[in-house]
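What follows is a short report on a single structure.
These numbers were taken from a predicted model, which means no experiment stands behind them.
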Amino acid sequence: MVGLQPSERPPTTAVKFLGAGTAACFADLLTFPLDTAKVRLQIQGENQVAQASRSAQYRGVLGTILTMVRTEGPCSLYSGLVAGLQRQMSFASIRIGLYDSVKQFYTPKGSDHSSIVTRILAGCTTGAMAVTCAQPTDVVKIRFQASVHTGPGSNRKYSGTMDAYRTIAREEGVRGLWKGVLPNITRNAIVNCGEMVTYDIIKEKLLDYHLLTDNFPCHFVSAFGAGFCATLLASPVDVVKTRYMNSPPGQYRSPFDCMLKMVTQEGPTAFYKGFTPSFLRLGSWNVVMFVTYEQMKRALMKVQMLRDSPF
């Protein structure tokens, strides 16, 4: 047996909500440099003039990370971390923590198991709800990750996370904080289905066929499969979302316009720019998050049961 054992009582919605946000923040702390590398690779090539004058060109995951460390310093890998953690506490708590509750809500009464359609519907619902609430944090995170900071003399647009919220709202209006919300809803509905539904099904089958018990190996295998499916499905939408949210006002008329310009200027392979760091990041993020989440639920339930116990 590895890790804490399942509690006698199923975890409450509050436990899942808090556990999901905390586990997602922990996963972000470990995988954030991969996410930053992914963003840099995705936006590379969107502005040919700027790219021609920029000395730092990114090649591959490791090359991107090394180039950033050499030209901007190690701290650049964690640019936007504060907004990233704010995002996870509001975003993951909803899309992951409320998934089981929404799935139960959509499941017909008297049914023992939820169908795949019910699970997909639950994943889309919680994904859309989470984006609607957490979109400003995602916009700020991407702006920080995309900005190149080469030293004290370089021009940095935002002095800090709160300044970024204020500056975007002042220069682009409050709507600027929700820029790209539609492609982000699409992207996260797909990601949430790829992650939650795949994890749910793989874990269920591993337990039903007695291949693994409900512990670390089962959670690891399920999470790895979920990360791969999510990356494969969501990468094209993710690239469009990243470029549109990072673009200055007027560069793209809409997310669809952004998509068309990518195809005409760079070809269809542009949709899978940054796929390797996306998979490395999303795969490792899923493993860390789901393993931590399962343990967090059990630990929080044990604490709650100890508090409720009269002895």
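- T167 places no side-chain N or O within donor-acceptor distance of the main-chain N or O of A164, the cut-off being under 3.5 Å.
- Separating the OH atom in Y252 from the CZ atom in R243 is a distance of 5.5 Å, to the nearest 0.5 Å.
- Neither L30 nor V69 shares a network with the other; the hydrophobic side chains, linked directly or stepwise wherever heavy atoms of I, L, V, M, F, W or Y lie under 4.5 Å apart, form separate groups for each.
- With contacts defined as side-chain heavy-atom distances shorter than 4.5 Å, the pair Y58/M68 qualifies.
- Between the side chain of R40 and the main chain of Q145, a donor-acceptor pair closer than 3.5 Å is present.
- In this structure, the side chains of F228 and L282 stay at 4.5 Å or more apart for every pair of heavy atoms.
- Classification of E204 and K103 as a salt-bridged pair fails, no side-chain N sitting under 4.0 Å from a carboxylate O.
- By the 4.5 Å heavy-atom criterion applied to side chains, Q135 and W178 are counted as neighbours.
- Residue A230 comes nearest to E195 through the heavy atom pair CB-CG, 3.7 Å, listed as atom of the first residue, atom of the second, then distance.
- A salt bridge does not link R87 with D28: every distance from a Lys NZ or Arg NE/NH1/NH2 to an Asp or Glu carboxylate oxygen is 4.0 Å or more.
- Residues D214 and R298 are paired through a salt bridge, judged by an N-O separation under 4.0 Å between the basic side chain and the carboxylate.
- Scanning for salt bridge (Lys or Arg N to Asp or Glu O under 4.0 Å) contacts around R70 gives an empty result, with sequence neighbours left out.
- Between R143 and E172 there is a salt bridge, since at least one side-chain N of the basic residue sits less than 4.0 Å from a carboxylate O of the acidic one.
- A search for side-chain contact (heavy atoms from CB on, under 4.5 Å) contacts involving S284 returns T31, L34, not counting sequence neighbours.
- Between A27 and V288, the shortest heavy-atom contact is CA-CG1, 3.7 Å.
- R9 CZ: more than 12 foreign heavy atoms inside a 6.0 Å radius.
- A 4.5 Å side-chain heavy-atom check between T269 and K273 finds every atom pair outside the cut-off.
- With hydrophobic clusters built from ILVMFWY side chains whose heavy atoms lie under 4.5 angstrom apart, M245 shares a cluster with V174.
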Which is it for Q251 and Y244 under the side chain to side chain contact (heavy atoms under 4.5 Å, CB included) test, yes or no, and what are the steps along the way?
-> CA-CA 9 Å; Q251 183 172 351; Y244 186 69; over 6 Å; no
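- Within the model, atoms CG of L66 and CG of L62 stand 4.5 Å from one another, a figure rounded to the nearest 0.5 Å.
- Atom OG of S76 is separated from atom CD1 of I65 by 10.0 Å, given to the nearest 0.5 angstrom.
- The distance from the OG1 atom of T213 to the CG atom of L207 is 8.0 Å, given to the nearest 0.5 Å.
- Expressed to the nearest 0.5 Å, how far CG of L233 lies from OG1 of T198 amounts to 7.5 Å.
- Under a hydrophobic clustering in which Ile, Leu, Val, Met, Phe, Trp and Tyr are joined whenever their side-chain heavy atoms come within less than 4.5 Å, directly or via other members, Y158 and I142 fall into the same cluster.
- Under the 4.0 Å criterion applied to side-chain N and carboxylate O atoms, K297 and E294 are assigned as salt-bridge partners.
- Considering every non-hydrogen atom in both N215 and L4, the closest pair reads OD1-O, 3.8 Å.
- Atom CG of L29 has more than 12 heavy atoms from other residues, nucleotides or ligands within 6.0 Å.
- Other residues, nucleotides and ligands place more than 12 heavy atoms under 6.0 Å from the CD atom of E171.
- Looking at every heavy atom in both residues, T36 comes nearest to L77 through OG1-O, 2.9 Å.
- When hydrophobic clusters are built by joining Ile, Leu, Val, Met, Phe, Trp and Tyr residues whose side-chain heavy atoms come closer than 4.5 Å, directly or via intermediates, V237 is not grouped with V191.
- Around CE of M162, the count of heavy atoms belonging to other residues, nucleotides or ligands within 6.0 Å does not exceed 12.
- In the hydrophobic cluster analysis, where Ile, Leu, Val, Met, Phe, Trp and Tyr join through side-chain heavy atoms closer than 4.5 angstrom, L85 is grouped together with F32.
- Ring geometry for F279 versus F224: interplanar angle over 60°, hence perpendicular rather than tilted (30 to 60°).
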Y106 vs V117, side chain to side chain contact (heavy atoms under 4.5 Å, CB included): CA-CA, chis, key distance, verdict | CA-CA 10 Å; Y106 285 138; V117 174; over 6 Å; no
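- Within the 4.5 Å cutoff, side-chain heavy atoms of Q304 are placed close to those of M301.
- Considering only heavy atoms from C-beta on, L41 stays 4.5 Å or farther from F275 through its side chain.
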Compile the donor-acceptor pairs under 3.5 Å between side chains in residues 16-26 and protein atoms, sequence neighbours left out, one pair per line.
from: K16; atom 1: NZ; to: D100; atom 2: OD2; distance (Å): 3.2
from: T22; atom 1: OG1; to: L18; atom 2: O; distance (Å): 2.9

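- Contact record, S79 with F144: OG-O, 3.0 Å, taken as the closest heavy-atom pair.
- Note on ring orientation: taking the six-membered ring where Trp is involved, the planes of F220 and F216 are tilted (angle from 30° to 60°).
- Scanning both residues, I96 and M289, for their nearest heavy atoms gives CD1-CE, 3.4 Å.
- A side-chain donor from one of S114 and T107 sits under 3.5 Å from a side-chain acceptor of the other.
- Not a single donor-acceptor pair under 3.5 Å links the side chain of K241 to the backbone N or O of N188.
- Checking D200, N192, T125 one by one against Y99, the side-chain hydrogen bond (donor to acceptor under 3.5 Å, both in side chains) holds for a single residue, D200.
- Side-chain contact of S101 with T13: a donor-acceptor pair under 3.5 Å is present, judged by distance alone.
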Would you check, one step at a time, whether the test side chain to side chain contact (heavy atoms under 4.5 Å, CB included) holds for D238 with K38?
-> CA-CA 10 Å; D238 192 29; K38 177 203 76 172; 3.1 Å; yes
Pair D138-F91, side chain to side chain contact (heavy atoms under 4.5 Å, CB included): steps then yes or no | CA-CA 9 Å; D138 206 12; F91 181 71; over 6 Å; no
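- Between the SG atom of C229 and the CD1 atom of I201 there is a distance of 9.5 Å, given to the nearest 0.5 Å.
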